[in-house]
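Note sheet for the following structure.
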2 protein chains.
Amino acid sequence: MIPTMHDVARAAGVSIKTVSNVINDFPHVRPSTRMRVLSAIEELGYRPNLSARGLRSGRTGVIGLAVPELRQNYFAELADSVIRAAEKHDLGVLVEQTSGDRDREIAVVTGAGRLRLTDGLLFSPERLGQADRHLIRPTFPFVLLGERIFGGPTDHVTMHNVSSAKAAVDHLLQIGRRRIALIGAHPDQREDVRPADLRVRGYKAALEAAGIPLDPQLIRAVAPWHRENGAEAMRELIASGIPFDGLFALNDTLALGALRALGEAGWQVPGDVAVIGFDDIDEARFSVPSLSSVDPGRDEIAETAVELLVERINEKDGDPLPPLLVKSEFRIVARESTGFGRPG
Amino acid sequence: MIPTMHDVARAAGVSIKTVSNVINDFPHVRPSTRMRVLSAIEELGYRPNLSARGLRSGRTGVIGLAVPELRQNYFAELADSVIRAAEKHDLGVLVEQTSGDRDREIAVVTGAGRLRLTDGLLFSPERLGQADRHLIRPTFPFVLLGERIFGGPTDHVTMHNVSSAKAAVDHLLQIGRRRIALIGAHPDQREDVRPADLRVRGYKAALEAAGIPLDPQLIRAVAPWHRENGAEAMRELIASGIPFDGLFALNDTLALGALRALGEAGWQVPGDVAVIGFDDIDEARFSVPSLSSVDPGRDEIAETAVELLVERINEKDGDPLPPLLVKSEFRIVARESTGFGRPG
DNA sequence: CTGAAAGCGCTAACAT
DNA sequence: ATGTTAGCGCTTTCAG
């Protein structure tokens with residue numbers, strides 16, 4: 001049988017309350033008593049029952065993280081960062097995959113499913129958009145990650161999509177590229193707040209600031225942002241015969257797919273085409289050539305998100321702060337694909 | 001206030017037991033009563049408190065998954081598969097990262113920490129080895145993943161390391177390679193049961209069967225199996241001037257690093273060197289050139305592991321089955337790096 | 001078919 | 001400084 005506090009109390013010859021005091025590091029316990037209790041715990045192999053504790057305290061010590069899927073590098077690295085950040089607050093992380101499925105995303109935000117065992121939720125939507133922000137129940141501690149939904153009733157941690165995308169294109173302009181293609185735009189063209197839309201906006205702003213006319217043929221829609229689709233888009237662009245000497249891929253996965261297609265076609269990078277991606281996933285440092293990218297501050301995003309969530313969890317029910325929008329710092333990481341040095 | 005079963009019962013004008021019956025899909029509830037309860041649940045936005053349920057039932061509906069780190073592709077993909085498999089059993093997955101830290105691995109297997117909130121644990125060790133198998137408490141449902149520990153007191157799901165490694169080298173031999181280098185051997189040379197050791201054994205077996213003498217200079221120790229270390233080992237091998245026309249990298253990450261180093265040095269793959277990796281991570285399909293690999297059956301491993309764990313969780317305390325060792329099926333995936341067709 | 005009541009293991013008042 | 005006790009919200013006998 002699994003030992004309980006009662007068993008420990010009996011073994012140590014004290015009351016259950018004293019055991020509780022020792023476990024929770026309360027003051028007012030005589031050292032000798034404490035020792036007796038600790039050795040009883042050791043001896044019986046006692047572990048607190050976290051369900052009971054959770055029932056009593058209203059806290060489980062676990063937060064949920066809902067992402068599309070971990071096989072996508074960006075989300076694996078995000079989950080890694082989130083788990084590390086949560087650890088600092090002594091929180092476990094229950095990971096849920098939505099597989100980019102709208103119904104599952106709805107289930108997650110409406111609090112169905114398993115996530116009731118958690119004290120709060122970090123949610124990175126892939127299908128839910130601006131129009132769905134009413135679905136989010138502001139009653140449960142909740143932090144939104146990414147850029148698909150703005151102005152919701154909850155905290156929101158995201159990146160400077162427009163300005164960092166502009167900086168990426170500026171980087172290509174600085175090294176003398178003038179015909180800069182973009183892959184990863186959203187297939188439907190309406191302006192919106194999705195990452196693709198925001199990054200396209202940054203692209204246009206950079207060109208405009210440089211006085212370069214926009215060539216719509218250089219903007220290629222790709223969805224979803226998978227490697228094979230990046231490769232495919234690049235093959236099409238090459239086949240089209242439209243000249244270009246720079247490429248801004250809206251994420252690194254697309255960029256790596258594009259590198260592959262460029263390689264197949266015998267194009268030199270950065271000689272014929274300079275390439276920059278977005279996300280700065282680990283892999284970017286080790287492709288051939290290594291890939292320049294935008295580091296969106298993933299660790300900072302994860303840490304900020306967890307901190308905000310913890311604050312919301314600890315918030316007294318009385319005085320809720322208004323929803324916060326935080327944007328992380330970004331930086332351009334120049335590597336071989338735009339003519340800079342060895343991996344690093 | 002968060003509604004409880006009492007609130008629902010009151011709203012529906014029934015007893016708490018009836019609410020429980022409805023929620024748990026018990027028979028013997030009159031349809032009209034059921035409807036009344038369901039609409040009360042809907043109206044109040046009631047969600048069962050999983051801590052209370054867990055306390056009562058002794059089950060949390062959550063299993064733990066402890067891996068070194070999710071930024072390593074293999075583990076991200078494994079976690080992805082495990083989460084999907086757990087879902088089928090209606091289980092959540094709490095992911096813990098050990099960062100390849102021995103003390104944290106010990107904490108995990110000895111049941112310290114957060115994982116007490118879980119019904120069972122899947123553990124993929126990186127530092128604990130054969131000598132540590134006594135640490136594993138057989139009292140908690142537990143399934144071991146990978147190859148570092150054999151003969152422990154628990155179920156164990158792994159792959160056919162020796163024979164699949166042999167098959168990988170056979171593949172290189174079949175396309176005519178004779179000077180086959182290996183990167184990723186363990187720095188200390190004693191024979192053991194670590195994946196590196198088992199795969200080296202397969203390599204040797206393949207050469208021996210083909211009547212090719214072993215050249216120890218072609219076996220390169222690399223640890224840990226990170227991309228940069230694969231690149232570094234390959235640079236060293238190239239610099240050494242030792243001739244070779246084939247490469248078996250003990251995992252894909254090493255292989256991708258090696259591809260990068262070969263590219264830098266201007267070597268053709270597969271022309272000058274044919275390369276095969278191990279793990280068949282998603283990325284292998286999209287490198288330049290695409291990477292041949294050993295698919296160790298990751299989905300099968302995940303599903304089997306979760307199923308075994310579920311069985312252990314459900315096992316009556318009375319009649320424990322002896323520990324099971326399961327090995328998944330593997331297959332060789334031939335791609336461009338060994339002279340085969342386009343990605344796929 | 002439905003209700004009443006006990007108790008899972010823990011924490012926090014309150015009492016000593 | 002330590003003991004007693006009442007729940008947290010749920011499931012589960014046991015009655016009705």
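Each chain gets a letter, A, B and so on, in the order the sequences are listed, and its residues count up from 1.
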*For A:Ile23 and for B:Arg30, find the nucleotide of DNA chain C with the closest heavy atom, then tell me which residue's nucleotide is more 5'.*
B:Arg30
_Angle of first-five versus last-five pair axes in the helix from C:dC1-D:dG16 to C:dT16-D:dA1, to 10 degrees_ = 40°
*asked:* Test of understanding: with side-chain hydrogen bond (donor to acceptor under 3.5 Å, both in side chains), list the residues that count as partners of B:Ser15, not counting sequence neighbours.
replied: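 Here no residue qualifies.
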*Starting from the C-alpha separation in whole Å, work towards a yes-or-no answer on side-chain contact (heavy atoms from CB on, under 4.5 Å) for A:Phe142 and A:Val109.*
CA-CA 9 Å; A:Phe142 190 102; A:Val109 296; 3.8 Å; yes
*Would you say A:Ser15 reaches D:dG3's phosphate, i.e. side-chain N/O to OP1/OP2 under 4.0 Å?*
yes
*Round to the nearest Å and state the distance from B:Lys17 atom NZ to C:dA6 atom P.*
16 Å
*Using atom CG of B:Asn21 as one end and atom C1' of C:dG3 as the other, report the distance to the nearest whole Å.*
11 Å
*Do B:Arg36 and B:Val22 come within less than 4.5 Å of each other through their side chains, counting heavy atoms only?*
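They are not in side-chain contact.
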_Rounded to the nearest 0.5 Å, what separates atom CG in B:Leu144 from atom CG in B:Leu309?_
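These two atoms lie 11.5 Å from each other.
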*Salt-bridge present (B:Glu87, A:Arg104; N to O < 4.0 Å)*: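 Answer for the salt bridge query: yes.
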*Can B:Glu69 and A:Arg84 be counted as an ion pair, charged N to O under 4.0 angstrom?*
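Judged by the 4.0 Å cut-off on N to carboxylate O distance, B:Glu69 and A:Arg84 do form a salt bridge.
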*Audit row: B:Phe75, B:Gln97, side-chain contact (heavy atoms from CB on, under 4.5 Å) steps and yes/no*: CA-CA 10 Å; B:Phe75 294 113; B:Gln97 299 190 123; over 6 Å; no
*Where is the tightest heavy-atom contact between A:Pro125 and A:Arg148, given as atom of each residue plus distance?*
O-CD, 3.3 Å
Under-3.5 Å N/O pairs linking protein and nucleotides 8-10 of chain C:
residue: C:dC10; atom: OP1; partner: A:Tyr46; partner atom: OH; Å: 2.4
residue: C:dC10; atom: OP1; partner: A:Asn49; partner atom: N; Å: 3.0
residue: C:dC10; atom: OP2; partner: A:Met5; partner atom: N; Å: 2.6

